[in-house]
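Taking it in order: structure first as structure tokens, then the write-up.
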Amino acid sequence: EAIQRVCHDTRTLQPGDLYVAVRGPRLDGHALLDEAFRKGAVAALVDQMYAAQRPPAAPAAPLLLVPDTLVALGRIASVHRHRLQALIAGITGSMGKTTVKDMTASLLRQKAATTCTQGNWNNHIGLPLSMLGMNEQSRFGVFELGMNHPGEILPLSEMLSPDWGVVTAIGPVHLEFFDSVEAIANEKADLLRALPRGGLAFLHADDAYFPILEAASPCAVRTVSIRPDGDVDLRLESHNGVLSVYERDTGDHEQMPVPVAGKHNLINAGLAMLVARTAGCDWEQIRQGFAQYSPPPMRWEVETCGAYTVVNDAYNANPVSMVAALETFAQMRAKGRKWLMLGDMLELGDAADKAHQELGEQVAAGTWAGMVAVGLHAHKICLAATAKGMQKDVTAAFHTVQEAGDWLLQKLEVGDTILLKGSRGVQLENVLPLYKEFRREFSETALILLKPS
């Protein structure tokens, strides 16, 4: 029976899938073979060790025996990639990877069939599974490469074997595992080192680590910038929600709506446009692609909750993205006051204390109604903010999201707006049920007030 897809999760497995049994830190996928076959798997990729210790009641369906299922999965994906004629772009960076990946795929789809990374499946499991989503109709493949530790980008790049490479902003992410931001830039540059000499690298010319990335590329480099004097392939300007794009090769000057808020997202949009233009997209296709683009969850999601507005940007955070979020929030139009709910920035290692202190100082420089911080470093943020003049009665630190949400709820007034920003591990979005419940109570109260006597 023909294999339709490849899947490692029995919760999403469909009839016709090849099931890959992955040994994880909490669960061994071999224990779920019976469930996989009950759900319609046509075969399973399993470790030889399992076969040697195979229990008497093991499934009779076809088993593909390999020394290591993850290594085999990567090799299968690599062979599949080379069977196809698609142009493959790999995307990495400290911030904006998923945004640029999704924008780029949305633009390229206006020209031809495009396959991209599912969500943020950017590691040694997610990347090959995403690559295996390509088929003979795919003309473009856009895939995200992520890492937490040194030495992870190169094997992913070798598996993907990209024709083009895109590096987004570089910043102090995962400093717990790296000696410096320069070391992070060098790790990200491994994607570029894997490019063929006839390939292309797409870079942000304004990035402080652009020289390291440019030097690592064995092929031609194309660039984007928001500097007014930048001699780059695409130069960007933004005024009153309109993005102006200047293309050096053609002399074109185009205007279009800004797809997402924030100056940092101008560069993300610029990198996507530069890839799409190089791939042959015209400006109308780019406009259509941006019109069809929608940000991933918890990336500047603006939600009205009865009496107030919540901006959920709590997918992740680091010192650079925190500053970008504060700047964007400061420029955002709002009816009432603006409040901050900030969570710890994780995986900063020895740099954590200084980073959270500097964050507090940056908060104090803004015109906020107040701030509540959550996590082990919350008090450092608040102490630094009040030391720089922020009023203590509108500043608080808590260990849990629930405590922070309760405190802030007592401070809010009709029309206020709240920014949620913190690292993934803090899970600031868990405050939303509390506020949505308040929205329900607020609505019921409003109905009572409006009910005629």
Side-chain angles (χ1 to χ4, degrees), residues 87-101 103-104 107-108 122 142-147 150-175 178-237 245-250 263-279 318-321 324:
L87 188 152
I88 306 297
I91 298 177
T92 193
S94 300
M95 296 151 286
K97 296 185 296 295
T98 302
T99 298
V100 173
K101 177 262 297 181
M103 284 184 176
T104 302
L107 303 187
L108 292 175
N122 59 21
V142 185
F143 299 101
E144 179 180 333
L145 286 69
M147 61 85 179
E152 292 181 340
I153 291 294
L154 183 58
L156 294 177
S157 301
E158 290 175 341
M159 181 196 307
L160 181 62
S161 187
D163 302 296
W164 294 355
V166 183
V167 182
T168 65
I170 299 295
V173 181
H174 312 306
L175 274 178
F178 288 86
D179 295 334
S180 64
V181 181
E182 182 175 340
I184 293 171
N186 269 306
E187 174 73 17
K188 300 295 187 180
D190 277 346
L191 168 64
L192 306 179
R193 296 185 181 101
L195 295 175
R197 291 194 175 276
L200 286 172
F202 298 82
L203 305 177
H204 171 200
D206 305 341
D207 195 282
Y209 298 91
F210 171 74
I212 291 175
L213 301 172
E214 184 182 36
S217 175
C219 55
V221 173
R222 307 209 74 197
T223 51
V224 61
S225 170
I226 58 173
R227 292 199 308 261
D229 58 345
D231 183 22
V232 293
D233 296 282
L234 278 187
R235 187 168 61 83
L236 311 173
E237 294 178 7
V245 185
Y246 300 84
E247 188 174 53
R248 181 172 59 186
D249 290 350
T250 63
K263 183 171 68 175
H264 57 296
N265 277 319
L266 294 183
I267 290 296
N268 292 336
L271 287 168
M273 281 189 285
L274 188 55
V275 171
R277 287 291 289 170
T278 306
N318 58 67
V320 176
S321 68

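As the structure is a computational prediction, the values presented were derived from the model and not from experiment.
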Side-chain contact test, heavy atoms from C-beta onward, threshold under 4.5 Å: evaluate it for Val320 versus Met95 and give yes or no. yes

With the side chain counted from C-beta on, respond yes when Val245 and Leu234 share a heavy-atom pair under 4.5 Å apart, and no when they do not. yes

Ser225 and Asp206 side chains, donor-acceptor separation under 3.5 Å: yes

Value for OG (Ser217) from CG (Leu200), rounded to nearest 0.5 Å, stands at 8.5 Å

Within-4.5 Å side-chain heavy-atom neighbours: His204 and Val167: no

Where is the tightest heavy-atom contact between Asp207 and Pro211, given as atom of each residue plus distance? O-CD, 4.4 Å

Looking at Glu152, is its backbone amide N or carbonyl O close enough to the side chain of Glu187 to form a donor-acceptor pair, meaning the two atoms are under 3.5 Å apart? yes

Would Phe202 and Thr278 count as a side chain to side chain contact (heavy atoms under 4.5 Å, CB included) if you check the C-alpha gap in whole Å, the side-chain angles of each, and the deciding distance to 0.1 Å? CA-CA 10 Å; Phe202 298 82; Thr278 306; 3.5 Å; yes

Salt-bridge test for Asp231 and Arg248: reply yes if a basic N is under 4.0 Å from a carboxylate O, no otherwise. yes

At what distance, to the nearest 0.5 angstrom, does CG of Leu266 lie from CG of Leu271? 11.0 Å

Mark yes or no for whether Lys97, through its side chain, and Gly93, through its backbone, hold a donor-acceptor pair below 3.5 Å. yes

Crowding at CG, Asp229 (>12 non-hydrogen neighbours, <6.0 Å): yes

Decide whether Glu144 and Thr98 meet the rule of one side-chain donor and one side-chain acceptor closer than 3.5 Å. yes

Determine, stepwise, if the pair Leu274 / Thr223 fulfils side chain to side chain contact (heavy atoms under 4.5 Å, CB included). CA-CA 8 Å; Leu274 188 55; Thr223 51; 5.5 Å; no

Here the pair of heavy atoms bringing Cys219 nearest to Gly199 is CB-O, 3.3 Å

Look at the side chain of Thr104 and the backbone N and O of Lys101, then say whether any donor-acceptor pair between them is shorter than 3.5 Å. no

Taken to the nearest 0.5 Å, the spacing of Leu195 CG from Leu191 CG works out to 5.5 Å

Starting at CD of Glu182, measure out to CD1 of Ile212 and round the result to the nearest 0.5 Å. 4.0 Å

With side chains defined as the heavy atoms from C-beta onward, is the minimum distance between Leu145 and Asn122 less than 4.5 Å? no

Give the intermediate values and the outcome of side chain to side chain contact (heavy atoms under 4.5 Å, CB included) for residues Asp233 and Val224. CA-CA 6 Å; Asp233 296 282; Val224 61; over 6 Å; no

Closest non-hydrogen atoms of Pro218 and Leu192, given as atom of the first, atom of the second and distance, are CD-O, 3.0 Å

Apply side chain to side chain contact (heavy atoms under 4.5 Å, CB included) to the pair Leu213 and Ile170, showing each step before the final yes or no. CA-CA 10 Å; Leu213 301 172; Ile170 299 295; 4.2 Å; yes

Is the backbone of Ser321 close enough, under 3.5 Å, to the side chain of His264 for a donor and an acceptor to pair up by distance? no

So, are Arg222 and Asp249 salt-bridged, with charged N and O less than 4.0 Å apart? yes

Could you check if a side-chain atom of Ile88 sits within less than 4.5 angstrom of a side-chain atom of Trp164, using non-hydrogen atoms only? no

I need the Ile153 CD1 to Asp190 CG distance, nearest 0.5 Å. 7.5 Å

Heavy-atom distance under 4.5 Å between the side chains of Asn318 and Ser94, does that happen here? no

Report yes if the side chains of Ile226 and Glu237 come closer than 4.5 Å at any heavy-atom pair, otherwise no. no

Does the side chain of Val181 come within less than 4.5 Å of Tyr209's, by heavy atoms? yes

Test ring-ring contact (aromatic ring centres under 6.0 Å, His included) applied to Tyr246 - qualifying residues, sequence neighbours left out: His253

